[in-house]
Amino acid sequence: MKVLICWSHISGYMAACWRALIQHASVDLFVLARASGGQTAQTSFQSGIMQGIPCELLPSDGAIDHKVVQRIIEQQKPDIIVINGWHTPAYVRIPTMKGAENARMIMAMDTPYLGTFRQNYGRYIMKRYFSKIDRVFVTGERCWMLAKILGFPERIIRRGVYGVDFQMLSTLHAVRSARPGGWPKRFLYTGRYAEEKALDVLLEGYSIYRRSVPDPWPLTCCGQGPLQNLVRAQEGVEDRGFVQPKDLRDVLLEAGVFVLASRFDPWPLVIVESCAAGLPIVCSEACGSRVELVRSSYNGFTCETGNAESLAEGLVYMHERYDRLPAMGLGSRALAEPYSQLMWVDRWVTCFNELTPRTSRTPVSTGASA
């Protein structure tokens, strides 16, 4: 099958999934995406993470030219086109483009249901586009609800739009546990230094935590953005800057607990990656992926969104349960395994097979992509 993926921007986790997919028998893949940064341009993934993946990378800023999309479709002649949501005008035009008439359409989405006017009436606003969609891939339960509100029937909705490099990350728990000094006494945040990530809440909560215990652990922050000076000014906080995917392993090994205080975060993959790496999680209710990956007292602590004192309680909770952290990390790893890149390939190829004639179907084998 010839599959064209029209994505928003590249990332380490999606590159791992696409790389696994091109190894799958009979899937001829091509990816069209922005080089880095997405809408915020506050991430700086190196294009080298796409090495070996057939692709065309677009500039990270400015609107995507529909003529470029049209050219790629005419060149690739895809059987299946995967479209990243409905927020990119050029991508929304794909179902009516020349060369796409006979292609089956899959829409990927990660936006949670928020009850806004646009969401509640989206099925009418985007009726023409949505009518051309054959399958919808969502992240989890909050996003599934939005797909229903938008008018998509349950029979065409599939869960599991994202995956991570679980095979690499899952080995870190054993390495961390075997460290001579024991399980690390260190908190970790990775993400953009932006308002929606609630860096102010994170840092205030961390400050309260430091005053609440006699021997506070340090906090490592990895990222970049307009709030970087806020991070650098905080006592006990180390600013590592933006970390490329190839360097993420060492950062995760040094950490004992991952923390994310976002005000709005549709389905943060960093929680999935941290769980795969065997870390306990402290996060806000606003983090969409906490629904699928964080269980109270089992592998994490969920705090009230925007409440620094609640976040501090989560940090103290982990601090006082230091001996339980390795076991909690194992719980995290178990919850992350369904999001491995191999399971991602299985889900997506199964969906591709549903949309193609039986004579051209691709055998599904989770082991074939190792």
Side-chain angles (χ1 to χ4, degrees), residues 1-8 13-14 17-18 20-22 24-33 69 72-73 76-88 90-97 99-113 119 122-123 125-163 266-267 288 292 338-366 369:
M1 293 175 286
K2 291 182 69 66
V3 177
L4 170 62
I5 295 180
C6 298
W7 213 247
S8 56
Y13 56 86
M14 287 312 304
C17 291
W18 295 331
L21 183 57
I22 63 175
H24 198 285
S26 300
V27 175
D28 184 357
L29 176 68
F30 191 90
V31 176
L32 178 66
V69 182
I72 295 297
I73 290 175
Q76 296 298 316
K77 299 178 174 60
D79 302 303
I80 293 172
I81 301 177
V82 179
I83 307 172
N84 189 204
W86 61 91
H87 304 291
T88 304
Y91 287 172
V92 171
R93 297 175 62 169
I94 286 175
T96 59
M97 287 183 177
E101 301 90 348
N102 299 318
R104 307 304 297 273
M105 303 288 165
I106 301 175
M107 186 180 77
M109 55 184 285
D110 65 5
T111 306
Y113 177 63
Q119 288 187 342
R123 62 191 302 174
I125 298 171
M126 303 299 298
K127 181 178 180 180
R128 183 181 181 187
Y129 172 56
F130 289 166
S131 69
K132 304 292 185 180
I133 301 300
D134 299 293
R135 292 291 187 275
V136 178
F137 255 102
V138 301
T139 48
E141 301 315 302
R142 292 180 178 179
C143 189
W144 186 92
M145 179 61 70
L146 176 57
K148 285 282 290 179
I149 294 295
L150 292 175
F152 294 106
E154 292 180 10
R155 62 181 172 80
I156 75 167
I157 305 174
R158 301 290 181 270
R159 294 173 178 84
V161 67
Y162 294 134
W267 210 80
E292 286 73 34
Y339 302 96
S340 73
Q341 74 270 46
L342 302 187
M343 291 303 299
W344 183 89
V345 168
D346 184 79
R347 286 193 294 272
W348 280 82
V349 172
T350 297
C351 184
F352 296 160
N353 283 339
E354 294 172 357
L355 299 176
T356 54
R358 186 172 297 275
T359 54
S360 63
R361 288 187 175 182
T362 302
V364 176
S365 171
T366 57
S369 302

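This one's a predicted model, so the numbers in the text were calculated from it and none came from an experiment.
- Aromatic pair Y162/Y339: ring centres not closer than 6.0 Å.
- For the residue pair E154 / W144, no side-chain donor-acceptor distance below 3.5 Å is found, with atom types taken as modelled.
- Between I94 and V69, some side-chain heavy-atom pair lies under the 4.5 Å cut-off.
- What you find for D134 and I156 is that their closest heavy atoms are O-CB, 3.5 Å.
- By the 4.5 Å heavy-atom criterion applied to side chains, L146 and Q119 are counted as neighbours.
- Looking at residues two or more places apart in sequence or on another chain, you find no side chain to side chain donor-acceptor pair (under 3.5 Å) involving R142.
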Next item on the list: Assess whether side-chain contact (heavy atoms from CB on, under 4.5 Å) is satisfied between T96 and R128, documenting all intermediate values.
Entry: CA-CA 10 Å; T96 59; R128 183 181 181 187; 3.9 Å; yes
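- Distance check: F152 CZ to S131 OG gives 9.0 Å after rounding to the nearest 0.5 Å.
- Contact of the W7 side chain with the L32 side chain is not registered, since no non-hydrogen atoms from C-beta on lie closer than 4.5 Å.
- Of the charged side-chain nitrogens involved, none lies within less than 4.0 Å of a carboxylate oxygen, so that D79 and K2 do not count as a salt-bridged pair.
- K132 meets the salt bridge (charged side-chain N to carboxylate O under 4.0 Å, His left out) test with no other residue; sequence neighbours excluded.
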Note to self: Working note: V138 + I157, criterion side-chain contact (heavy atoms from CB on, under 4.5 Å); need CA distance, chi angles, decisive distance, verdict.
What the structure shows: CA-CA 7 Å; V138 301; I157 305 174; 4.0 Å; yes
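- Rounding to the nearest 0.5 angstrom, the gap separating the SG atom in C351 from the CZ atom in R104 is 9.5 Å.
- Closest of all the heavy-atom pairs between V161 and M109 is CG1-O, 3.9 Å.
- Minimum interatomic distance between T111 and C143 (heavy atoms only, all atoms of both residues): O-SG, 3.4 Å.
- Residue V136 comes nearest to A147 through the heavy atom pair CG1-CB, 4.5 Å, listed as atom of the first residue, atom of the second, then distance.
- A20 and Q341 make their closest contact through CB-CG, 3.9 Å (heavy atoms, listed as atom of the first residue, atom of the second, distance).
- Here the straight-line distance linking atom CD1 of I72 with atom CE of M97 works out to 11.0 Å at 0.5 Å rounding.
- Under a 3.5 Å cut-off, the side chain of T88 and the backbone N or O of Y91 do not form any donor-acceptor pair.
- Counting only heavy atoms from C-beta outward, the side chains of M126 and L150 never approach each other to under 4.5 Å.
- Here the shortest heavy-atom pairing between Y129 and V92 reads CD1-O, 3.5 Å.
- A distance-only check finds a donor-acceptor pair linking the side chain of E101 to the backbone of G99 [under 3.5 Å].
- Using a 4.5 Å heavy-atom threshold, the side chains of K148 and Y113 count as separate.
- Ion pairing between E141 and R159 holds under the 4.0 Å rule for side-chain N and carboxylate O.
- Looking at N84, its side chain does come within 3.5 Å of a backbone N or O of S8 through a donor-acceptor pair.
- M1 places none of its side-chain heavy atoms less than 4.5 Å from the side chain of L355.
- When side chains are defined from C-beta on, M105 counts as touching I83, because their heavy atoms get closer than 4.5 Å.
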Check: Under the side-chain contact (heavy atoms from CB on, under 4.5 Å) criterion, do V27 and I22 qualify, and how do the steps go?
Finding: CA-CA 6 Å; V27 175; I22 63 175; over 6 Å; no
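- When atom types are taken as modelled, the side chain of R347 and the backbone of G160 share a donor-acceptor pair closer than 3.5 angstrom.
- Taking CG from L342 and CG from L21, the interatomic distance works out to 11.5 Å, rounded to the nearest 0.5 Å.
- D110 contributes no side-chain N or O that, together with a main-chain N or O of P266, makes up a donor-acceptor pair within less than 3.5 Å.
- The ring-ring contact (aromatic ring centres under 6.0 Å, His included) search around W348 returns F137, W344, not counting sequence neighbours.
- Residues I80 and I106 have side chains in contact (heavy-atom distance under 4.5 Å, counting atoms from C-beta outward).
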Next item on the list: Mind running side-chain contact (heavy atoms from CB on, under 4.5 Å) on I73 and L4 for me, showing each step along the way?
Entry: CA-CA 8 Å; I73 290 175; L4 170 62; 3.7 Å; yes
